[in-house]
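These numbers were taken from a predicted model, which means no experiment stands behind them. Computation of the quantities below employed the complete heavy-atom set of this structure, encompassing side-chain atoms and omitting hydrogens, waters and symmetry-equivalent molecules. Heads up: numbering here begins at 1 and tracks the sequence.
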Amino acid sequence: MLPAFLRWSLSAILLLLAATPAAAAPLMDGFEGGRIPPQVWSPCRRPEGRFFIDGMLARSGRYSAGMALLPTPDLPPEVEAVNTEHRRSGCIDSDRDMDFMAGSDQRAELWLRETEPKGTDLWYGFSFRIDAPPAPEADARRLLVGQWKQAGQYSPFLGQRFRNRKFYLTVEQDGPARLQQCRVLVAWEDGYDFSDFPPHHSFLHDGFDAAGARLPPDYTTDCATGLSIDRKAPLPSPYGAWVDMVIHVKVDAQPDDLIEVWANGRKIVTVRGRLGYRDSGRQYFKIGPYRDPADTPVVAHLDNFGLGHSFEEVDPRRFDQ
């Protein structure tokens with residue numbers, strides 16, 4: 001018979017273990033089944049896009065997933081749509097099931113079906129690349145390939161953005177009036193044109209006044225509040241080359257929020273401080289080209305995706321072992 005104090009200690013430990021939810025198993029997808037699994041991804045199907053499996057271009061293994069805008073005839077055929085119950089539609093952008101209204105933008109995005117409560121501590125890993133013909137002149141139009149978002153009509157709290165084929169990262173937080181959004185530049189590729197962020201590395205890019213009228217962008221004030229940004233290295237270019245990304249996010253509009261980014265095994269940036277939006281809903285991830293209208297094709301490839309609880313679980317380079 002155990003002494004009473006040991007029985008009490010063991011009972012307390014067992015109660016604590018029972019009350020602590022087990023961490024979900026890591027989610028891994030290298031598309032080696034030769035398909036885009038519908039239980040994992042929800043394609044945002046639009047006339048200008050195509051989703052396909054590529055057996056000729058993979059970071060590891062045999063296959064990668066392709067997402068093309070204005071697809072050319074040389075690309076693999078469209079992945080057949082799967083008639084299955086959608087827990088989350090690829091073109092729904094709100095917890096209230098507000099249908100995305102097609103506008104002038106172009107998109108071919110894969111949305112991760114699983115959403116998480118905002119503030120969840122998560123690690124994402126994936127390999128991606130972009131293939132597109134060089135523009136004949138400077139192209140400052142918006143292009144994103146990879147977004148971490150919170151439900152509601154908000155910009156991504158972390159976005160993988162491109163300007164003139166240069167890779168850069170932005171984070172977002174509530175603006176001073178909370179009805180505005182503050183965008184902050186935190187990492188960039190060598191040669192990036194900073195003219196989007198004059199004279200600071202942040203600006204108020206969207207929002208509404210008290211009467212509900214949309215406000216124009218304001219580039220005059222440094223709107224970033226309470227952020228510590230430790231930039232370690234430049235971003236590599238994913239144009240015509242695979243880049244292995246690892247992203248650590250814990251974002252809940254709180255002072256202890258954290259984003260960490262690695263590329264090709266190298267630490268790029270650490271951002272600490274209040275991130276995201278106080279009044280938003282659950283967080284989610286989507287990847288694929290999303291851009292202002294253009295008449296040239298662009299193709300993004302995705303491989304070695306992982307969602308887990310540590311760097312080691314999701315690092316795409318683990319497939320090189």
Side-chain angles (χ1 to χ4, degrees), residues 13-33 36-37 39-42 59-61 64-65 87-88 95 110-128 146-151 156-160 169 171-172 186-187 228-230 232-233 235 242-277 280-287 302-321:
I13 292 172
L14 290 173
L15 285 172
L16 178 61
L17 290 174
T20 303
L27 172 62
M28 305 296 165
D29 190 6
F31 307 100
E32 291 304 287
I36 297 174
Q39 70 274 22
V40 177
W41 301 101
S42 184
R59 166 65 177 85
S60 303
S64 68
R87 295 178 59 190
R88 181 174 182 83
D95 277 346
L110 290 174
W111 291 42
L112 194 65
R113 284 188 174 277
E114 290 297 325
T115 68
E116 303 284 347
K118 66 179 183 177
T120 304
D121 194 329
L122 291 171
W123 293 76
Y124 296 79
F126 55 89
S127 304
F128 85 115
Q147 302 181 53
W148 289 258
K149 298 197 71 175
Q150 292 170 334
F157 66 79
L158 172 62
Q160 295 190 158
L169 300 176
V171 300
E172 305 258 344
V186 296
S228 168
I229 302 169
D230 184 9
K232 297 289 190 182
L235 287 162
W242 287 100
V243 172
D244 298 327
M245 302 294 297
V246 174
I247 313 286
H248 178 206
V249 299
K250 181 180 176 293
V251 172
D252 193 17
Q254 299 297 321
D256 62 347
D257 288 347
L258 172 66
I259 291 177
E260 298 178 284
V261 179
W262 290 258
N264 294 339
R266 190 179 188 186
K267 186 69 169 288
I268 302 297
V269 69
T270 299
V271 185
R272 299 180 185 275
R274 180 176 56 80
L275 296 159
Y277 305 100
S280 60
R282 293 172 68 87
Q283 68 183 40
Y284 58 97
F285 171 73
K286 58 181 181 175
I287 189 167
L302 173 67
D303 204 355
N304 298 341
F305 177 81
L307 174 62
H309 310 286
S310 70
F311 184 100
E312 292 73 21
E313 279 186 348
V314 304
D315 183 3
R317 299 174 303 157
R318 68 193 184 279
F319 294 100
D320 298 332
Q321 303 300 320

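- Contact check on D320 versus R59 returns a salt bridge, with a Lys/Arg side-chain nitrogen under 4.0 Å from an Asp/Glu carboxylate oxygen.
- Every residue was checked against the side chain to side chain donor-acceptor pair (under 3.5 Å) condition with N264, not counting sequence neighbours, and none meets it.
- Note: Y124 and W148 have perpendicular aromatic rings, judged against thresholds of 30 and 60 degrees for the angle between ring planes.
- Considering only residues two or more places apart in sequence or on other chains, E312 meets the side-chain contact (heavy atoms from CB on, under 4.5 Å) condition with S310.
- For the pair K118/S280, a side-chain contact is recorded, criterion being any heavy-atom separation below 4.5 Å from C-beta on.
- When atom types are taken as modelled, the side chain of R318 and the backbone of D315 share a donor-acceptor pair closer than 3.5 angstrom.
- By the ring-ring contact (aromatic ring centres under 6.0 Å, His included) test, Y277 is found to be paired with Y154, residues two or more places apart in sequence or in another chain being considered.
- Taking the salt bridge (Lys or Arg N to Asp or Glu O under 4.0 Å) definition, one finds that D29 meets it with nothing, sequence neighbours left out.
- Taking the six-membered ring where tryptophan is involved, the planes of W111 and Y284 are essentially parallel, since the angle between them stays under 30° and well short of 60°.
- Applying the side-chain contact (heavy atoms from CB on, under 4.5 Å) rule to R272 yields the partners S228, L258, T270; only residues at least two apart in sequence or on another chain are considered.
- Under the ring-ring contact (aromatic ring centres under 6.0 Å, His included) criterion, W242 pairs with no residue at all, not counting sequence neighbours.
- For A253, the side-chain contact (heavy atoms from CB on, under 4.5 Å) partners are R274, R278, not counting sequence neighbours.
- Residues that satisfy the salt bridge (Lys or Arg N to Asp or Glu O under 4.0 Å) test with D230, not counting sequence neighbours, are K232.
- For P255, there are no side-chain contact (heavy atoms from CB on, under 4.5 Å) partners two or more places apart in sequence or in a different chain.
- Residue pairs meeting the salt bridge (Lys or Arg N to Asp or Glu O under 4.0 Å) criterion with at least one partner in residues 247-264, sequence neighbours excluded, are K250-D256, E260-K267.
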